[in-house]
Amino acid sequence: MKGRALRAPKGTRDLLPPATGLWAAVEAEVHRIFALYGYREIRTPILEETELFARGVGEATDIVGKEMYTFTDRGGRSLTLRPESTAAVCRAYVEHGMQTLPQPVRLYYLGPQFRYERPQRGRYRQFHQIGAELLGGRGPASDVEILLLLVAFLRRLGFAELTVLLNTVGDAPSRAAYRAALLAYLEPRAAELGEESRRRLGTNPLRILDSKDPAEQELLAAAPRLADHLTPASREHFAAVRAHLDRLGVAYRVEPRLVRGLDYYTNTVFEVVSGDLGAQNAICGGGAYEGLVEELGGPPTYAVGFAIGADRLLEVLPAGSPLRAPGRHRGPVLLAAAGRLPESGDGVSPLTPIAERLRSEGVPVVETGARAPRLFQLAEQLGAPALAFVGEEELARGELSLRELGSREQTRLPFAEAADRLRRYYEEQP
RNA sequence: GUGAGUGUAGCUCAAUGGUAGAGCACCGGACUGUGGCUCCGGACGUUGUGGGUUCGAGUCCCAUCACUCACCCCA
């Protein structure tokens, strides 16, 4: 009995070749570039205790309030599919006593995250983040270091246009002072706010700032500004970050309205957005978080990090990105018989040992029984750079006839030379 | 959670309320040392699903599901 067709759950998707080749190329680049800045990979569980996110990300956030995949396991524990990874990295930092390692500790991660939301372009229930966290750092210099890594990575992928949007949300005293000032301004005008913003008056008034509602925007234009309520320490912090960036020639734009959705940020916050993404335009978000490690039971620890949305990143990866270089995405060489080859009698094609020798020389190859002209179609569809023919003569002399698809030239070469020539198609240029 | 749009073959799309089709792709054959063909043949669908109206529904109505986009929010 045939039931209804099964499909990937809402908001999840299969990644298929050739797209997976591009994903792998991005991941390889992550490992390479992040290592250049001294970052090492951490892999945390996809499941965590629900309490980690409630405490770490914040009860008042949308993520914790309505977007988590939470369930009770057979032992009665409340577990949650991670909606982000910063809290987990901090938990691991505390759990494994990483404050005893040389500080700062530089970690990066990549992997799936889960949020229960209505899917749309650039937003999935299972999405993928590439993140870096610097823990145990020293303020502005650490903020700048993480931004340098971010910018270097994006540039390496071929992004030329993207700008870092920068702001400060102040330290805890700054925010307390500003919160009071903002409430004093907004509460008498609560009637002019939308339902969602009114609710935030009681939970997270700062988030009202990035409302897109035109009426609210107008109201907010005259609202007190966070910049005017910063403590001297926060003011200095932000000025130092900007001075560093200016001096290093890192392009950024100060965006006074930029407020991040997670509770743990302090002082420096930043985002990278792309105009090619529709409404969900953030490619990367990040900032410093001074209180999180302590909140999770560790020592007071200065930390800063970012998370890049890999799905969105891939969607807007420039056409000219070096990650799209053909050498990274070629199909295997096709190995075919020319004419009729003598049967070995045991049913094994004489091509098979040749294919194996090519593979041991580092040449990707598949055998095919297809004949020209079908052979050439196949080569095109599979992205093969060349065909290798073996006929009776080649077999007798230990040679291969190579037909290169680009130049259309055919050459007959001794096996070793043929292998060298084919291997060159698969070498990456740095 | 709210709103709008769209659902026909693996893909792209046709079909006035009257026999569900084409192109591409796929499989087989012709072609026994070579070019992106050509020719012949094949498989391919509970028209998303369930109801309703009708002599008759891919087409009209209702519901539902999925997808897409937007709101919300974020990566």
Side-chain angles (χ1 to χ4, degrees), chain A residues 2-13 16 57 60-68 82-86 110-131 150 194-197 199-200 204 207-208 210-213 216 258-262 270-274 277-286 305-316 334 336-341 369-382 384 386-395 401-410 412:
Chain A
K2 202 174 122 187
R4 79 188 161 79
L6 256 21
R7 356 179 21 145
K10 188 184 184 79
T12 71
R13 55 184 182 151
L16 308 173
V57 178
T61 61
D62 285 330
I63 291 177
V64 174
K66 53 186 193 193
E67 295 174 3
M68 293 204 301
R82 63 183 184 197
E84 60 102 57
S85 285
T86 298
L110 73 212
Q113 320 284 336
F114 303 84
R115 292 181 199 172
Y116 189 88
E117 297 181 273
R118 279 283 278 271
Q120 67 187 70
R121 181 172 178 205
R123 191 170 72 190
Y124 307 97
R125 290 183 171 183
Q126 176 178 338
F127 61 104
H128 302 80
Q129 287 189 329
I130 299 161
L150 173 61
E195 186 186 340
E196 185 65 23
S197 292
R199 194 180 60 74
R200 289 206 177 113
N204 199 344
R207 303 251 40 220
I208 299 175
D210 55 23
S211 160
K212 287 172 195 158
D213 183 289
E216 294 190 1
L258 178 61
V259 181
R260 311 267 319 135
L262 283 63
F270 53 88
E271 252 178 39
V272 176
V273 300
S274 163
L277 265 177
Q280 311 303 318
N281 63 355
I283 284 182
C284 174
F306 64 74
I308 296 170
D311 309 79
R312 294 179 186 178
L313 185 79
L314 272 285
E315 201 167 324
V316 296
L334 296 189
R340 195 173 290 286
L341 291 175
R371 301 198 159 270
R374 169 76 187 128
L375 196 47
F376 291 91
Q377 273 181 50
L378 251 190
E380 179 123 313
Q381 285 179 15
L382 298 178
L387 298 171
F389 289 103
V390 177
E392 278 187 84
E393 283 187 42
E394 288 88 343
L395 211 49
S401 287
L402 303 187
R403 175 63 76 95
E404 280 149 298
L405 276 296
S407 64
R408 303 191 166 211
E409 281 172 22
Q410 181 156 336
R412 196 148 121 187

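Keep in mind it's a predicted model, so treat the numbers as computed, not measured. Just so it is clear: chains get the letters A, B, ... in the order the sequence lines come, proteins before strands, and each one is counted from 1.
Put simply, CG on A:Leu387 is 16 Å from P on B:G33, counting in whole angstrom units.
Atoms CD and CZ, from A:Gln280 and A:Arg312 in turn, are 5.0 Å apart once rounded to the nearest 0.5 Å. The OG1 atom of A:Thr61 sits 8.0 Å away from atom CD of A:Glu67, with the distance rounded to the nearest 0.5 Å. Between A:Arg115 atom CZ and A:Arg125 atom CZ the span is 13.5 Å, to the nearest 0.5 Å.
Spacing of P atoms, B:U59 relative to B:C67, comes out at 22 Å, to the nearest Å. Taking the C1' atoms as reference points, B:U53 lies 8 Å from B:C60, given to the whole Å. If you take atom C1' in B:A63 and the same atom in B:G7, they sit 16 Å apart, rounded to whole Å. For B:G48 and B:C65, the C1' atoms lie 7 Å apart once the distance is rounded to whole Å. Atom C1' of B:G58 sits at a distance of 13 Å from the matching atom of B:U46, rounded to the whole Å. Taking the P atoms as reference points, B:A43 lies 23 Å from B:C31, given to the whole Å. Comparing the P positions of B:U47 and B:A57 gives an interatomic distance of 12 Å, to the nearest angstrom.
Between A:Lys66 and the phosphate of B:C73, there is no side-chain N or O to OP1/OP2 separation shorter than 4.0 Å. Contact between the side-chain N/O atoms of A:Arg13 and the OP1/OP2 oxygens of B:A66 is not found at any separation under 4.0 Å. Between B:U34 and A:Gln410, no contact under 4.0 Å exists linking OP1 or OP2 to a side-chain N or O. Phosphate contact (OP1/OP2 of B:A25, side-chain N/O of A:Gln377, threshold under 4.0 Å): absent. Contact annotation: A:Gln120 side-chain N/O to B:U68 OP1/OP2 distance is not under 4.0 Å.
Aromatic stacking is not marked for A:Phe389 over B:G33, as the cut-offs of 5.5 Å for the centres and 30° for the planes do not both hold. The aromatic ring of A:Phe376 does not stack onto the base of B:U34, failing the criterion of a centre distance under 5.5 Å from the six-membered base ring together with planes under 30° apart.
Here B:C69 sits opposite B:G3 as a Watson-Crick or G-U wobble pair (both hydrogen-bonding atom distances under 3.5 Å). Across all strands shown, B:C13 pairs with B:G21; the Watson-Crick or G-U wobble distances both stay below 3.5 Å. B:C27 is paired with B:G41 under the Watson-Crick or G-U wobble criterion, all donor-acceptor distances under 3.5 Å.
Nearest nucleotide to the A:Asp62 side chain, out of B:A66, B:C74, B:C73: B:C73. Here B:C27 is the nucleotide among B:G35, B:C27, B:C71 with the atom lying nearest to any side-chain atom of A:Arg374. Between B:C72, B:A75, B:A66, one nucleotide has an atom nearer to the side chain of A:Gln280 than all others, and that is B:C72.
Looking only at distances, no side-chain donor or acceptor of A:Gln381 sits under 3.5 Å from a matching main-chain atom of A:Leu378. Using a distance-only test at 3.5 Å, with no hydrogens or angles considered, a donor-acceptor pair links the side chain of A:Asp311 to the main chain of A:His128. Side chain of A:Arg121 to main chain of A:Ala279: no donor-acceptor pair is present (N/O by atom type, distance under 3.5 Å, no hydrogens or angles). A donor-acceptor pair under 3.5 Å is formed between the side chain of A:Arg82 and the backbone N or O of A:Pro112.
No engagement by A:Gly131 is indicated, since no non-hydrogen atom pair under 4.0 Å with the nucleic acid exists. Residue-level contact check: A:Glu84 touches neither bases nor backbone, having no heavy atom under 4.0 Å from any strand. Note on A:Thr61: nothing from the nucleic acid sits closer than 4.0 angstrom, heavy atoms only. Using a 4.0 Å heavy-atom criterion, one finds that A:Leu405 contacts the bases of the nucleic acid, with or without backbone contacts as well. Backbone-only contact: A:Gln381 has heavy atoms under 4.0 Å from sugar-phosphate atoms and none from a base. Heavy atoms of A:Gly391 sit under 4.0 angstrom from at least one base atom. Residue contacts for A:Arg260: at a heavy-atom cut-off of 4.0 Å it reaches the sugar-phosphate backbone alone, with no base atom in range.
The glycosidic torsion of B:U32 lies within 90° of 0, which places this base in the syn conformation.
Scanning atom types as modelled, no donor and acceptor separated by under 3.5 angstrom connect the side chain of A:Arg412 and the base of B:G33. Contact of A:Glu394 with B:G33 (side chain to base): a donor-acceptor pair of N or O atoms is detected under 3.5 Å. No hydrogens or angles were tested; on distance alone, a donor-acceptor pair under 3.5 Å links the side chain of A:Glu117 to the base of B:A75. Side-chain atoms of A:Arg123 and base atoms of B:C73 include a donor and an acceptor less than 3.5 Å apart. At a cut-off of 3.5 angstrom, the base of B:C74 holds at least one donor-acceptor pair with the side chain of A:Arg312. With hydrogens and angles ignored, no donor-acceptor pair under 3.5 angstrom links the side chain of A:Arg121 to the base of B:U68.
Mapping A:Arg118 and A:Arg403 onto RNA chain B by nearest heavy atom places A:Arg118 closer to the 5' end of the strand.
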